[in-house]
There are 2 protein chains.
Amino acid sequence: MNSDDDGLWAGDRQQPLTISDVAKAAGVGESTVSRVLRGKGSVSDEARERVLAAAKHLGYVPNRIAGTLASAGSKLVALVIPSVTNIVFADVLSGAAPILNGLGHQAVFAVTDYDQELEEELIESMLAWRPSGLIVAGVEHSGRSVSMMRGAGIRIAEILDTDSPGLDIVVGYSNLEAGRMSARFLASRGRRKIGYVGHDLQRDRRAAKRHEGFCQTLLGLGLHLADAEILPSLSSIELGRDGLAALLDRSPDLDAVYFANDDLAIGGLFHCMAHGIAVPERLALMGYNGLDVARLAPRPLSTIRTPRRLIGEMAAKLVCSREPSGVYDVGLELIEGATV
Amino acid sequence: MNSDDDGLWAGDRQQPLTISDVAKAAGVGESTVSRVLRGKGSVSDEARERVLAAAKHLGYVPNRIAGTLASAGSKLVALVIPSVTNIVFADVLSGAAPILNGLGHQAVFAVTDYDQELEEELIESMLAWRPSGLIVAGVEHSGRSVSMMRGAGIRIAEILDTDSPGLDIVVGYSNLEAGRMSARFLASRGRRKIGYVGHDLQRDRRAAKRHEGFCQTLLGLGLHLADAEILPSLSSIELGRDGLAALLDRSPDLDAVYFANDDLAIGGLFHCMAHGIAVPERLALMGYNGLDVARLAPRPLSTIRTPRRLIGEMAAKLVCSREPSGVYDVGLELIEGATV
DNA sequence: TCACCCAATGGCAGCGCTGCCAATAGCCAG
DNA sequence: CTGGCTATTGGCAGCGCTGCCATTGGGTGA
């Protein structure tokens with residue numbers, strides 16, 4: 001009997017267990033063990049039980065690396081996202097991970113930090129694991145990224161943006177339309193001197209599209225962006241607070257501000273609360289994403305809710321499926337809130 | 001010449017490229033290709049260039065599955081965490097992922113949803129990928145989880161809790177001490193009728209330890225928890241808001257409330273702001289974690305900052321190193337804020 | 001000049017598993 | 001009874017790569 005229960009420390013380990021150890025212990029062939037462990041092919045109940053007992057007794061954990069190599073079909077799905085701390089992507093992950101596990105897959109992920117070159121590099125390292133699918137944020141990628149993804153021969157899901165054509169599966173919503181909705185909403189509430197607070201639009205292409213849609217629609221309504229504060233770094237509550245302060249400093253007569261997202265907008269709202277600026281009477285604020293913190297703030301933020309978790313779930317499901325290529329638009333929901 | 005640049009769609013793919021295709025194209029042996037691609041062993045400059053050119057021309061992406069199987073040393077590191085949407089773990093991931101990538105590793109992750117049975121299952125699937133290291137939240141695991149981790153013969157880092165002994169590497173801080181600090185702080189500011197709002201302590205063991213430390217210290221100071229609202233689900237801003245409302249409804253004379261974490265505390269703060277409860281004059285609020293949103297709220301929250309990103313970074317580094325087993329305590333920082 | 005050493009290289013076994021095929025045994029209709 | 005089936009099983013090649021070993025072709029010091 002293997003005194004496996006105690007006394008071992010990381011590192012001191014006998015040689016690794018293989019399927020043939022289990023086969024020997026159970027008195028069957030390797031193929032039978034494999035069949036039992038994968039639940040494929042026909043095995044007698046007796047053999048099955050013997051194998052299961054032996055595997056449990058030995059503490060055998062199958063080696064998926066070997067299994068994948070032998071069977072060509074990997075059970076890994078790669079996720080390439082710009083950030084984990086941004087709740088948007090965390091929500092996507094939290095939607096995708098359980099679905100993938102439920103389908104017997106494992107999630108591998110990498111964080112691009114909104115950098116297209118890094119994205120390219122990371123896509124390459126991900127593909128080296130021969131995943132069965134790849135989920136990647138956005139539809140805009142470097143040329144080499146695109147050819148690698150095409151050449152990989154696997155399902156690709158591009159998420160969170162439906163404004164440009166995708167390679168295979170696209171799950172998301174129109175950022176352009178989100179910008180337009182926001183402009184229409186502010187205008188319909190009588191706002192005329194509208195400002196914008198956003199972060200680096202070069203890197204965050206989806207925010208750039210919202211900005212574009214917003215400006216388009218304003219122009220169509222005979223309005224225009226009165227002022228804009230574009231901050232050089234990534235979005236955060238702090239940036240929104242300071243950005244709004246700077247914007248109002250320069251253009252004190254604005255009657256509304258559109259933020260690139262809820263993080264920034266919450267920062268703006270906090271600024272107003274701390275400085276006694278009446279929201280929405282004197283200044284309307286509008287965000288984007290529909291975060292919890294925005295909904296639950298003392299004054300609920302006007303924003304647009306994006307079904308991020310759902311996007312993660314759908315992308316995970318689709319990437320493991322044989323559904324046809326195409327665009328899956330999950331839509332957007334305007335949250336009127338109380339800041340406009 | 002391979003017209004590889006366009007016209008391919010996911011799915012229609014010639015047979016996969018292998019190292020021997022590259023070898024043939026470059027007119028060298030497979031071993032040489034392998035040496036070039038891994039930068040190991042000596043290769044003439046001429047051969048190196050030929051190989052690199054051939055690989056690039058063919059669009060070859062090495063197969064890490066095969067490489068791992070052949071070399072026994074995997075380049076995967078597994079992360080098992082309770083949640084991704086909880087910023088705490090997202091921060092850990094965002095600290096760990098870049099470090100792992102920098103060391104040539106890939107991160108695989110799984111989400112336990114604070115469920116020890118699921119954790120056990122997920123640890124098993126993770127180990128099936130023969131990772132070179134495993135990072136797991138907390139130091140309390142099921143017996144089978146423990147023996148699997150011990151038996152895996154890899155580095156294990158247990159994070160975010162140093163209150164119980166670990167298997168190999170432990171990176172975190174004392175949750176007990178965090179609870180004690182909070183109790184001392186509230187007491188030192190003259191608070192005497194102290195309540196608690198928390199979530200399911202059965203599932204979140206670290207929150208339970210803070211609660212324990214908090215109560216201990218109160219007793220040591222001749223005080224005690226006047227009332228507690230334990231909510232059955234996971235923490236969220238909403239839960240904190242509703243929890244505080246319920247608590248005050250029952251015990252309107254409390255002069256301070258300790259929350260299991262900042263999410264709940266922010267919810268509490270929002271409740272107070274929306275209902276005109278003067279903070280901290282009439283009611284002091286104390287959270288835990290030091291989130292951005294807490295620091296930047298109109299009234300900065302009194303809380304304890306946990307260096308989560310750093311923990312992710314350290315765990316990643318240590319798990320890939322040969323440093324001795326041990327406890328790495330990163331400490332805690334009391335943020336006085338303005339709600340106590 | 002010769003024995004020796006070393007950089008550079010190719011060949012090939014084998015990592016642990018799965019897919020395929022052949023072998024065996026039991027069973028039933030003819 | 002016998003051939004034909006099916007259910008069950010074991011053997012073994014091979015997935016693509018790396019580790020190890022053998023080989024080659026020069027340098028080098030004595």
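The analysis underlying the following values was restricted to heavy atoms, covering all of them including side chains, and did not include hydrogens, waters or symmetry mates. Sequence lines set the chain letters: A, B, ... in the order given, protein chains first and strands last, and positions in each chain run from 1.
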The nucleotide from C:dC12, C:dG16, D:dT18 with an atom nearest the side chain of B:Ile19 is D:dT18
Measure the distance from NZ on B:Lys75 to C1' on D:dT18 and round it to the nearest whole Å. 13 Å
Among D:dC17, C:dG11, D:dG10, which nucleotide has an atom closest to any side-chain atom of A:Val28? D:dG10
DNA chain C nearest-nucleotide lookup for B:Leu69 and B:Gly29: closer to the 5′ end is B:Gly29
Ion pair check, A:Asp91 and A:Arg309, cut-off under 4.0 Å: no
B:Val80 pairs by side chain to side chain contact (heavy atoms under 4.5 Å, CB included) with which of B:Glu120, B:His141, B:Met126? B:Met126
Rounded to whole Å, please give me the gap between NZ in A:Lys24 and C1' in D:dT9. 18 Å
Within residues 32-55 of chain A, those residues having any heavy atom closer than 4.0 Å to DNA chain C are A:Ser34, A:Arg38
Whole angstrom value for the distance that separates C1' of D:dC15 from CG of B:Leu17: 15 Å
Can you find a heavy atom in the side chain of A:Phe89 that is under 4.5 Å from one in the side chain of A:Val111? no
Report the distance from atom CD1 of A:Ile65 to atom P of C:dT18, rounded to the nearest whole Å. 13 Å
Has A:Glu124 got more than 12 heavy atoms of other residues, nucleotides or ligands less than 6.0 Å from its CD? yes
Side chains of A:Ser34 and A:Arg38, donor plus acceptor under 3.5 Å: yes
Give the rounded distance in Å between these two atoms: CG of B:Asn63 and C1' of D:dG16. 6 Å
What I want to find out is whether A:Glu313 reaches A:Lys317 closely enough, with some N-O distance under 4.0 Å, to be called a salt bridge. no
Less than 4.5 Å apart, side chain to side chain, heavy atoms only: is that true for A:Leu134 and A:Val319? no
Taking every heavy atom of B:Ala107 against every heavy atom of B:Leu100, the minimum-distance pair comes out as CB-CD1, 3.9 Å
So which atom in A:Glu323 and which in A:Tyr328 form the shortest heavy-atom distance, rounded to 0.1 Å? CB-OH, 3.7 Å
Could you work out which one of C:dG19, D:dG19, C:dC15 sits closest to the side chain of A:Ser31? C:dG19
State which of D:dG11, C:dT18, C:dG10 makes the closest approach to the side chain of A:Glu30. C:dT18
To 10°, what angle do the rotation axes through the five end pairs on each side of the helix from C:dT1-D:dA30 to C:dG30-D:dC1 form? 40°
Would you say the side chain of B:Ser71 and the base of D:dG19 hold a donor-acceptor pair, judged only by whether the two atoms sit under 3.5 Å apart? no
